[in-house]
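Here is the structure we will look at.
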Amino acid sequence: MPVLRSVLSLPPSPSLSLSLPPSVSEIASPLEEDRGRARCCSASFYCQILGSLDVWINADAKTNREVILEKQMTGHRVDRSICAWFWDYVLSQGGDSSKILPVIASPTHYLFQIFREGITFLACAQVEMPPLMGIELLDEMMDNGFPLTTEPSILREMIAPPNIVSKMLSVVTGKSSNVSNTLPDATSSFIPWRKSDMKNASNEVYVNLVEEMDAVVNREGVLVKCEIYGEIQVNSNLPGLPDLTLSFANPTILNDVRFHPCVRFRPWESDQILSFVPPDGQFKLMSYRVKKLKSTPIYVKPQLTSDAGNCRINVLVGIRNDPGKTIDSITVQFQLPLCVASADLASNHGTVDILADKTCNWSIGRIPKDKSPSLSGNLVLEGGLDRLHVFPVLKVGFKIMGVALSGLQIDKLDIKNTPARPYKGFRALTQAGEYEVRS
């Protein structure tokens with residue numbers, strides 16, 4: 001199943017009454033003459049409704065009440081900048097969404113769009129998929145112009161993912177549609193994200209803590225920002241209608257929490273306990289942020305000195321705080337300035353590759369115990385330049401299995417309404433998100 005994202009864009013309406021803070025109008029006012037720029041640079045606010053459904057309010061001078069509803073269908077997040085690209089494309093074609101092709105290829109995604117009654121539904125896929133399937137998905141997700149079915153498990157039953165069997169049947173029968181002739185059982189259930197008669201289940205549930213660390217280190221080596229974006233991903237294969245309760249040892253550290261629609265909000269509000277009847281299969285139960293962390297697991301120290309048309313670069317990497325588990329897949333990536341004519345870089349550990357677009361990739365892997373990995377070399381500047389005036393920003397990557405660097409700890413997972421005692425598995429993973437070191 002490709003990465004899919006549905007977006008609902010509503011035009012201004014007299015019945016839509018939203019109170020925007022003064023800062024919005026202050027930001028939007030200078031952009032009145034540039035509609036495309038207003039869409040990209042406007043202030044954005046979001047509030048959570050219906051679990052993982054977000055409302056984005058964009059301040060635009062000409063359409064001052066533009067609302068976007070977003071549904072992330074998989075764990076991989078699609079950046080909202082794709083919406084700005086889509087609207088710039090619409091404006092370049094005359095500004096009328098109804099006259100735009102239903103399938104558009106952007107530099108990073110395949111876009112599928114449907115325009116109905118003044119509403120634009122937009123889906124984004126990172127891999128190539130049959131255009132008809134994207135249109136069918138969007139058609140099933142809305143009813144009379146309103147979002148209806150957004151649960152991935154139900155959509156998979158309504159529209160079968162493409163495979164070899166479906167392709168052979170389409171050739172034999174001449175029918176290219178993947179839409180099922182019968183509605184899934186969950187559509188008529190009081191729990192729309194789960195079947196009422198789950199029997200062929202392995203009676204097991206797995207809970208994964210997946211975290212990404214976002215950090216910014218300035219030129220003096222001071223940690224300016226460090227926070228964790230985390231997700232609790234669950235793979236449930238339980239029969240019947242199980243009732244699960246997940247509690248944490250330290251829930252007070254969590255901020256900006258978002259829940260799957262299956263989570264009952266009142267137990268969380270009163271006791272900070274997750275009580276839910278899970279969907280079948282894999283789903284994102286919850287997302288959160290942990291802010292104002294004090295340190296990072298590794299350090300990256302760049303040094304650049306330039307004189308007489310040359311720049312000497314040295315980058316040192318090491319472990320700052322040992323998490324108790326192996327730090328793996330360490331990488332350092334940076335873009336060489338345009339004024340660099342040539343570069344000669346080497347490292348004492350790992351491999352260094354310089355691509356045609358002047359991107360330097362240093363793959364370290366694991367840090368050895370007997371030495372600290374370092375990269376050094378010389379950059380030759382273009383003629384007429386004595387010193388380097390634009391300094392690169394280093395992007396750091398790493399992965400740590402078995403550790404949640406936020407410090408979040410699962411206390412216990414209770415399961416009720418199951419015929420037999422199920423198997424419960426837990427796992428944690430922390431990896432680098434937007435980890436930047438300025439040189």
How about NZ on Lys399, more than 12 heavy atoms from neighbouring residues, nucleotides or ligands closer than 6.0 Å, or not? no

Can you name the closest pair of heavy atoms from Leu223 and Leu293 and give their distance? CD2-O, 4.0 Å

Side-chain contact test, heavy atoms from C-beta onward, threshold under 4.5 Å: evaluate it for Cys262 versus Pro279 and give yes or no. yes

If you look at every heavy atom in Val393 and Phe334, which pair is closest and at what distance? O-CB, 3.6 Å

Given side-chain contact (heavy atoms from CB on, under 4.5 Å), test Phe259 with Phe276 step by step and report yes or no. CA-CA 10 Å; Phe259 303 109; Phe276 58 99; over 6 Å; no

From the list Leu379, Leu385, Val390, side chain to side chain contact (heavy atoms under 4.5 Å, CB included) with Cys339 holds only for Leu385

Is the terminal nitrogen or CZ of Arg219 (NZ for Lys, CZ for Arg) located under 6.0 angstrom from the six-membered ring centre of Phe391 and within 45° of that ring's axis? yes

Close side-chain approach of Tyr423 and Val205, heavy atoms under 4.5 Å: no

Asn255 side, atom CG; Lys292 side, atom NZ - distance, nearest 0.5 Å: 9.0 Å

Starting from the C-alpha separation in whole Å, work towards a yes-or-no answer on side-chain contact (heavy atoms from CB on, under 4.5 Å) for Ile364 and Thr331. CA-CA 6 Å; Ile364 301 174; Thr331 60; over 6 Å; no

Would you say the side-chain atoms of Ser376 and Asn314 include a donor-acceptor pair closer than 3.5 Å? no

Going by atom types alone, do Gln409 and Asn250 pair a side-chain donor with an acceptor below 3.5 Å? no

Between Lys284 and Glu231, is the closest basic N to carboxylate O distance under 4.0 Å? yes

For Lys424, does the NZ atom sit with more than 12 other heavy atoms under 6.0 Å from it, leaving out its own atoms? yes

State, to 0.1 Å, how close Leu405 and Thr430 come at their nearest heavy-atom pair, and which atoms those are. N-OG1, 3.2 Å

Which heavy atom of Pro392 sits nearest to which heavy atom of Leu304, and what is that distance? CD-CD2, 3.9 Å

If you apply the rule side-chain contact (heavy atoms from CB on, under 4.5 Å), what do you find for Ile400 with Thr326, and how did you get there? CA-CA 6 Å; Ile400 309 175; Thr326 302; over 6 Å; no

Side chain to side chain contact (heavy atoms under 4.5 Å, CB included) with Leu244: of Leu274, Val207, Leu238, Leu285, only one passes, and it is Leu238

Got a salt bridge between Arg366 and Asp328, using NZ or NE/NH1/NH2 to carboxylate O under 4.0 Å? yes

Yes or no on side-chain contact (heavy atoms from CB on, under 4.5 Å) for Ile100 and Gln113, after CA distance, side-chain angles and deciding distance? CA-CA 8 Å; Ile100 302 300; Gln113 69 98 14; 3.5 Å; yes

Honestly, is Lys301 close enough over Tyr299, meaning NZ or CZ under 6.0 Å from the six-membered ring centre and within 45° of the axis? yes

Looking only at heavy atoms, which two atoms of Ser306 and Arg387 are closest? And how far apart? O-NH1, 3.0 Å

Atom NZ of Lys294 with >12 non-hydrogen neighbours under 6.0 angstrom: no

Give the intermediate values and the outcome of side chain to side chain donor-acceptor pair (under 3.5 Å) for residues Asn310 and Asn378. CA-CA 7 Å; Asn310 290 279; Asn378 187 60; 3.1 Å; yes

Are a donor atom and an acceptor atom from the side chains of Glu204 and Tyr206 found within less than 3.5 Å of each other? yes

Is Glu434 atom CD crowded by more than 12 heavy atoms from other residues, nucleotides or ligands, each under 6.0 Å away? no

How long is the gap from CD on Gln233 to CE on Met286, to the nearest 0.5 Å? 13.5 Å

Ignoring hydrogens, what is the shortest heavy-atom contact between His260 and Phe283? Give both atom names and the distance. CD2-CD1, 3.9 Å

Given side chains that start at C-beta, do those of Asp214 and Arg289 come closer than 4.5 Å, heavy atoms only? yes

Are there more than 12 heavy atoms of other residues, nucleotides or ligands under 6.0 Å from atom CD of Gln303? no

If you round to the nearest 0.5 Å, how far is CG of Leu316 from OG of Ser372? 5.5 Å

Do Thr296 and Arg320 have side-chain atoms, one donor and one acceptor, less than 3.5 Å apart? yes

Given side chain to side chain donor-acceptor pair (under 3.5 Å), test Glu211 with Tyr288 step by step and report yes or no. CA-CA 9 Å; Glu211 297 186 342; Tyr288 57 89; 2.6 Å; yes

Pair Asp256 + Lys291: basic N to acidic O under 4.0 Å: yes

